[in-house]
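One structure is given here, and the rest of the page talks about it.
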Amino acid sequence: MKVRIGIAPPPGDHPDRLAGLAERAEALGIDSLWLSEIVHGPSVEPIVGMAYTLAATRRLKVGTGVAILPGRHPVRVAKQLASLAALAPKRVLPAFGLTPARPAEREAFPVPGPRGAVFDESLELLRLLLRQEKVTFHGEFFTVENAGVGPLPARPLDIWVGGSGERALRRAGRLADGWLASFLTPDQAAAGRQAIAAHAAEAGREIEADHYGTSLAVAATEIPATAIDAIARRNPSTDPAEIVPVGWPAARDLIERFVEAGITKFVVRPATPVPSVERWLDEFAGHLMPLQS
């Protein structure tokens with residue numbers, strides 16, 4: 001299995017720093033750059049950021065880690081992804097989630113029904129549109145007649161999803177091509193991987209063995225209160241040190257434990273803003289890139 005370790009910008013990073021971040025990442029040979037969905041704040045919008053970064057680089061892969069799909073029409077999302085894949089073949093890595101991490105941002109993604117059901121149907125339609133020249137679809141929430149968003153990628157895009165609840169794991173197994181978890185320990189991620197594989201088998205599908213990943217925030221000196229609060233909400237009763245490593249040696253150790261658990265794709269970001277993104281990237285490259293296979 002291929003171990004690959006990408007990066008995400010520091011929290012709250014201003015859009016005007018994206019160009020320098022992408023250029024330095026490409027110069028260092030970093031595998032991928034992932035952009036999160038944060039509406040209220042300076043962070044760049046993920047689809048816009050993908051387009052900009054792909055145009056500014058030649059080898060760097062770019063993903064959404066994660067963008068919110070319910071609240072976006074799947075036909076328009078399919079068109080955006082197909083266009084990006086045509087402009088930057090083999091470098092577009094879409095990953096989607098159910099709901100924004102910040103509850104106040106949920107209103108920015110209105111849905112025509114129960115959010116989970118809309119997500120499932122959106123994924124189903126999105127996959128069809130990225131694999132078939134013409135699609136006719138009659139669902140509970142979306143209806144299209146003879147729709148096409150081509151030209152289609154020579155190889156269908158892999159669609160990854162986040163989430164760790166039971167319904168999210170079932171969705172990953174039945175409808176997605178990969179899983180990008182967050183705020184989980186290695187043992188919890190291993191259990192999620194096993195559950196997804198079982199759901200995929202029930203649906204007559206198979207998720208590739210190296211299509212299981214996780215996002216990691218690396219703290220410089222101590223775990224910030226924002227991360228502790230997020231862990232308390234999303235994974236209570238778990239020691240934050242099991243999820244947010246402090247320092248590069250701890251990050252290496254944690255990634256190695258995840259790899260032993262069957263998780264081989266990683267998105268690493270600073271847990272807090274950093275004085276120098278260039279220095280952080282150089283340290284990332286020196287400490288973590290040797291773990292890739």
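Along the sequence shown, residues carry numbers from 1. None of the values given here were measured: they were computed from a predicted structure. The basis for the numbers below is simple: all heavy atoms, side chains too, and nothing from hydrogens, waters or symmetry mates.
- Under the 4.0 Å criterion applied to side-chain N and carboxylate O atoms, Asp31 and Arg59 are not assigned as salt-bridge partners.
- Between Val244 and Val218 the shortest side-chain heavy-atom distance does not fall below 4.5 Å.
- Residue pairs satisfying the ring-ring contact (aromatic ring centres under 6.0 Å, His included) criterion with at least one member in residues 234-273, sequence neighbours excluded, are listed as follows: Trp248-Trp280, Trp248-His287.
- Considering NZ of Lys61 and CG of Leu54, their distance stands at 12.0 Å, rounded to 0.5 Å.
- Side-chain atoms of Gln188 and Asn235 include a donor-acceptor pair closer than 3.5 Å.
- Shown here is Glu256, whose CD atom has more than 12 heavy atoms of other residues, nucleotides or ligands within 6.0 Å.
- With contacts defined as side-chain heavy-atom distances shorter than 4.5 Å, the pair Val75/Phe142 does not qualify.
- By the neighbour-count criterion of 12 heavy atoms within 6.0 Å, atom CZ of Arg205 is densely surrounded, having more than that number from other residues, nucleotides or ligands.
- Defined by atom type and a distance below 3.5 Å, a donor-acceptor pair is missing between the side-chain atoms of Ser36 and Trp34.
- A 4.5 Å side-chain heavy-atom check between Thr226 and Pro11 finds every atom pair outside the cut-off.
- Taking a 6.0 Å sphere around CD of Glu222, one finds it holds 12 or fewer heavy atoms contributed by other residues, nucleotides or ligands.
- Counting non-hydrogen atoms of other residues, nucleotides and ligands closer than 6.0 Å to CZ of Phe141 gives a total above 12.
- In the displayed structure, Glu278 atom CD is contacted under 6.0 Å by more than 12 heavy atoms of other residues, nucleotides or ligands.
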After noting the C-alpha distance and the side-chain angles of His211 and Trp179, does the key distance pass the ring-ring contact (aromatic ring centres under 6.0 Å, His included) rule? CA-CA 6 Å; His211 277 42; Trp179 181 49; over 10 Å; no
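- Here the CZ-CG distance, from Arg131 to Leu157, works out to 7.5 Å after rounding to the nearest 0.5 Å.
- Residues Leu216 and Ile243 share a closest heavy-atom pair of CD2-O, 4.0 Å.
- Taking the centre and axis of the six-membered ring of Phe183, the NZ or CZ atom of Arg234 falls outside the cone set by 45° and 6.0 Å.
- Applying the side-chain hydrogen bond (donor to acceptor under 3.5 Å, both in side chains) definition to pairs two or more places apart or across chains, those involving residues 84-103 are Thr57-Arg91, Thr99-Arg106.
- The side-chain heavy atoms of Leu35 and Pro9, taken from C-beta on, include a pair separated by under 4.5 Å.
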His199 and Gln194: CA distance, side-chain angles, deciding distance, side chain to side chain donor-acceptor pair (under 3.5 Å) verdict: CA-CA 9 Å; His199 289 305; Gln194 184 177 10; over 6 Å; no
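- Taking a 6.0 Å sphere around CD of Glu107, one finds it holds 12 or fewer heavy atoms contributed by other residues, nucleotides or ligands.
- Atom CZ of Arg115 sits in a crowded spot, with more than 12 heavy atoms from other residues, nucleotides or ligands closer than 6.0 Å.
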